[in-house]
Amino acid sequence: MPPRRVVIRIHFTVTDFARVRFAPRPAPLQELNVALMKMCRPDDALLFGRWRQRLLRSLPAAAEPLADLVPGMRAPRFIDVFSDDLTEGLDTVRATPAALVRSEMERVYARHPGPPPLWIRGLHRGDTDAWRLLRRAQQAAFETALRPVWPLIQDLHRAEFSRYALTAAEHGTAAALTALVPGSRLREGVWEFEAPGEADRRLGGRGLVLQPTFHWTGHPLVADPPDGPLFVTYPSGPGLPLAPDPAGGTADALARLLGRTRLDILLLLAEEHTTSGLARRLGVSNATVSAHTAALRGAGWITTVRAGRAVLHRRTALGSLLAGRRLVP
């Protein structure tokens, strides 16, 4: 018996379908949130491993308090801010009602084994110095992690906006929504997609805002503020760590991430090759090819089958998609 799907269900009224909006510009703080989440997760190591290491090494000491704010990957809801201006977003975080700050910090630290750091206790009390420390941390993290690639994020957002608008115009809102999240479905006014935890969200006429993110490859993230529309942040873009200079295109970007030999193998496997055939083409040993193909196979980009004494490698559909992608659509 197949395992039961764990999904989030978003319930629309007729009014809500008319109130689906696409965020006109990227949201600096939300993009920062997902970038830091991706930095802390161990998945997609082949693509994101080097990016994680570089970002961890480059984050300044001023950004370190953000780790205290999200113990055990449990983030307080008041940092989910969707303003398209960094200063306005930082001001919105600061304007969070004191009762909400207290309840959220108590929630995220409820399962934490040790006592909260002093500055977190200060934030719980509403101390000005604690708020100043948080603002400085968010600003420093943004300048390091996102400022160098922000023009690229803006370009990607415009491309995604256009793609969504075209799909909605040609096929309707329902088709446009399901196209954003592969595997999702919308039937009888309920949009559902897989997620780590089961939940139902009823819009009740308040509408929904779609926010693409370019530093996340996981399930959509749902933010449900006490008033206003529901926000769905979904992964978009190339599915690669963003680099400040995209001029080199796919090959240069992937070579930086995978290493030249792995990329050459992926490109050669547009056609089937044996291990020894790849070794001859690349001028390396069979053992070197075997090590690299094992990594590519583990990522789901190639398959390997035995044919008598030979070992045949083929590129998967996912590998072909990755090899053909560009950093800017």
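In what follows, residues are counted from 1 in the order of the sequence shown. Heavy atoms only: backbone and side chains are in, while hydrogens, waters and symmetry mates are out.
Side-chain contact between W119 and L69 is present, with heavy atoms from C-beta onward closer than 4.5 Å. Side-chain atoms of E272 and L269, non-hydrogen and from C-beta on, never get closer than 4.5 Å to each other. Counting only heavy atoms from C-beta outward, the side chains of E106 and H124 approach each other to under 4.5 Å. Using a 4.5 Å heavy-atom threshold, the side chains of L46 and L296 count as touching. The shortest side-chain heavy-atom distance between F12 and T173 does not fall under the 4.5 Å cut-off. Using a 4.5 Å cut-off on side-chain heavy atoms (C-beta onward), Y234 and T213 make no contact. S184 has its side chain within reach of T178: a pair of non-hydrogen atoms, C-beta onward, lies under 4.5 Å apart. At least one side-chain heavy atom of R41 sits less than 4.5 Å from a side-chain heavy atom of M73.
With values rounded to the nearest 0.5 angstrom, E271 atom CD is found 15.0 Å from H313 atom NE2. Note that the CG atom of L32 and the OG1 atom of T144 stand 10.0 Å from one another [nearest 0.5 Å]. Once rounded to the nearest 0.5 Å, the distance linking CD of E198 with CD of E192 reads 9.0 Å. For the atom pair CZ (R19) and OG1 (T13), the distance works out to 7.5 Å, reported to the nearest 0.5 Å. Atoms NE2 and CZ, from H292 and R297 in turn, are 13.0 Å apart once rounded to the nearest 0.5 Å.
L146 and I79 end up in the same hydrophobic cluster when Ile, Leu, Val, Met, Phe, Trp and Tyr side chains are linked at under 4.5 Å. Residue F161 is not grouped with residue I153 when hydrophobic side chains (ILVMFWY) are merged at heavy-atom distances under 4.5 angstrom, including chains of intermediate members. Using a 4.5 Å cut-off between side-chain heavy atoms of Ile, Leu, Val, Met, Phe, Trp and Tyr, with links allowed through other members, V34 and V222 fall into different hydrophobic clusters. A chain of hydrophobic side-chain contacts below 4.5 Å, direct or via other Ile, Leu, Val, Met, Phe, Trp or Tyr residues, connects V108 to F78. Tracing side-chain contacts under 4.5 Å through hydrophobic residues (I, L, V, M, F, W, Y), one reaches L86 starting from L156; they form part of the same cluster.
When all heavy atoms are compared, the tightest approach of M39 to R52 is O-CD, 3.2 Å. Of all the heavy atoms in A176 and Y164, the pair that sits closest is CB-CE1, 3.4 Å. T275 approaches N286 most closely through the heavy-atom pair CG2-O, 3.8 Å. Closest approach of W150 and P28 over heavy atoms only: CH2-CA, 3.5 Å. Taking all atoms of both residues into account, the shortest heavy-atom contact from V181 to W191 is CG2-CZ2, 3.8 Å. The two residues G197 and I8 make their nearest non-hydrogen contact at O-CG1, 3.8 Å.
Between the T316 side chain and the W301 main chain, a donor and an acceptor come within less than 3.5 Å of each other. A distance-only check finds a donor-acceptor pair linking the side chain of T293 to the backbone of S290 [under 3.5 Å].
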What do the steps show when you test H157 against F22 for ring-ring contact (aromatic ring centres under 6.0 Å, His included), and what is the final call?
CA-CA 10 Å; H157 189 101; F22 195 98; 5.7 Å; yes

After noting the C-alpha distance and the side-chain angles of N33 and V70, does the key distance pass the side-chain contact (heavy atoms from CB on, under 4.5 Å) rule?
CA-CA 10 Å; N33 291 343; V70 189; over 6 Å; no

Carefully, step by step, assess F142 and L90 under the rule side-chain contact (heavy atoms from CB on, under 4.5 Å).
CA-CA 11 Å; F142 178 86; L90 294 169; over 6 Å; no

Go through E64 and L59 one step at a time and tell me if the side-chain contact (heavy atoms from CB on, under 4.5 Å) criterion holds.
CA-CA 8 Å; E64 290 177 2; L59 281 174; over 6 Å; no

Would F82 and V209 count as a side-chain contact (heavy atoms from CB on, under 4.5 Å) here? Give the steps.
CA-CA 10 Å; F82 294 87; V209 178; over 6 Å; no

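Among D16, D224, D227, the single residue meeting the salt bridge (charged side-chain N to carboxylate O under 4.0 Å, His left out) criterion with R206 is D224.
Counted within 6.0 Å of CD on E170, heavy atoms from surrounding residues, nucleotides or ligands total more than 12; the atom is thus considered enclosed. Taking a 6.0 Å sphere around CZ of R121, one finds it holds more than 12 heavy atoms contributed by other residues, nucleotides or ligands. Crowding of R94 atom CZ: a count of heavy atoms from other residues, nucleotides or ligands under 6.0 Å exceeding 12.
In this structure, a donor-acceptor pair under 3.5 Å is absent between the side chains of E194 and H219.
Looking at D127 and R132, no side-chain N of the basic residue comes within less than 4.0 Å of a carboxylate O on the acidic one, giving no salt bridge. One finds a salt bridge joining D44 and K38 here, because a Lys/Arg side-chain nitrogen approaches an Asp/Glu carboxylate oxygen to under 4.0 Å.
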